[in-house]
Chemist: 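This is the structure I have questions about; it appears just below.
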Amino acid sequence: AVPINAAGRPASKDRSRAWTAALWIGQLAVAAILGLGAFVKFFNYVPEGSMDLAVALGVGRGTTTLIGLVELSAATLILVPRTRALGAMLAAFTMLGALFSHAVKIGWSGNAAAEMWPLALVVLAGALLVLYGRRGELPLVARR
């Protein structure tokens with residue numbers, strides 16, 4: 001027997017709708033944060049008293065722009081229904097790279113560049129949620 005909700009529909013449909021809504025909210029949040037990060041990197045926005053990401057990483061301005069392009073690509077891919085799982089995967093790997101950079105080069109506090117790691121954790125969590133929910137859409141994952 002399938003449980004019926006108050007509206008007379010199967011309860012599993014409500015769960016499915018809630019899960020779909022959660023995935024879309026995750027996708028939008030990840031895309032928004034990555035888009036903002038890309039904007040900052042493209043326009044070299046450096047708040048007063050903080051350190052430029054290129055300086056913090058010890059790399060050139062081109063590398064920062066490349067990171068921004070990767071973030072913009074992930075933000076775009078995660079919003080397109082056909083590529084949202086790939087976008088989530090790219091976002092997750094990008095945030096793992098960001099966290100690794102904090103661990104070995106930037107540090108965890110002291111300037112605006114160093115204090116962005118909590119946002120990287122939020123994006124990583126959102127990307128992993130979307131990746132889990134959309135895993136069947138990955139090109140090489142077998143359909144069951």
Chemist: Please table the atom pairs, donor to acceptor, closer than 3.5 Å between any side-chain atom in residues 27-37 and protein atoms at least two apart or in another chain.
Modeler:
residue	atom	partner	partner atom	Å
Gln27	OE1	Arg134	NE	2.9
Gln27	OE1	Arg134	NH2	2.9
Gln27	NE2	Ile78	O	3.1

Chemist: Only counting residues at least two apart or in another chain, list the ones meeting side-chain contact (heavy atoms from CB on, under 4.5 Å) with Thr76.
Modeler: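 In terms of side-chain contact (heavy atoms from CB on, under 4.5 Å), with neighbours along the sequence ignored, Thr76 is linked to Leu72.
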Chemist: When you group the ILVMFWY residues by side-chain heavy-atom contacts below 4.5 Å and let the links chain together, are Ile25 and Leu124 in the same group?
Modeler: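 Unlinked, Leu124 and Ile25 end up in two clusters.
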Chemist: Heavy atoms only: give me the nearest Ala75-Leu79 pair and the separation to one decimal.
Modeler: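 Heavy-atom minimum between the residues: O-CG, 3.4 Å.
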Chemist: Does the side chain of Leu121 come within less than 4.5 Å of Trp117's, by heavy atoms?
Modeler: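 Trp117 vs Leu121: side chains touch.
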Chemist: If you look only at pairs with a residue in residues 66-75, which of them pass as a salt bridge (Lys or Arg N to Asp or Glu O under 4.0 Å), with sequence neighbours excluded?
Modeler: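 Applying salt bridge (Lys or Arg N to Asp or Glu O under 4.0 Å) to every pair that reaches into residues 66-75, excluding sequence neighbours, yields Lys41-Glu71.
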Chemist: Once salt bridge (Lys or Arg N to Asp or Glu O under 4.0 Å) is applied, what residue pairs with a partner in residues 80-99 remain, sequence neighbours excluded?
Modeler: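 For residues 80-99, and leaving out neighbouring residues, the salt bridge (Lys or Arg N to Asp or Glu O under 4.0 Å) pairs sorted by first residue read Arg84-Glu137.
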Chemist: Give the table of side-chain donor-acceptor pairs shorter than 3.5 Å for residues 85-92, with sequence neighbours excluded, one pair per line with atom names and distance.
Modeler:
none

Chemist: CG of Leu69 to CZ of Phe42: how many Å apart, nearest 0.5 Å?
Modeler: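 The CG atom of Leu69 sits 4.0 Å away from the CZ atom of Phe42.
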Chemist: Show which residues join Leu66 in its hydrophobic cluster (side-chain heavy-atom contacts under 4.5 Å, direct or indirect), or state none.
Modeler: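 Its cluster partners, ordered by chain and number, are none at all.
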Chemist: Side-chain heavy atoms nearer than 4.5 Å, only ILVMFWY residues, links allowed to pass through others: does that put Val70 and Val122 together?
Modeler: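 No, because Val70 and Val122 fall into different hydrophobic clusters, even though each may have its own neighbours under 4.5 Å.
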Chemist: Nearest 0.5 Å, please: how far is CG in Leu96 from OG in Ser101?
Modeler: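 Separation between the atoms: 11.0 Å.
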Chemist: Give, for atom OG1 of Thr94 and atom CG of Leu99, the distance between the pair rounded to the nearest 0.5 Å.
Modeler: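 With rounding to 0.5 Å, OG1 (Thr94) is 11.0 Å from CG (Leu99).
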Chemist: Should Val130 and Phe93 be counted in the same cluster of Ile, Leu, Val, Met, Phe, Trp and Tyr side chains packed under 4.5 Å apart?
Modeler: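 Val130 clusters together with Phe93.
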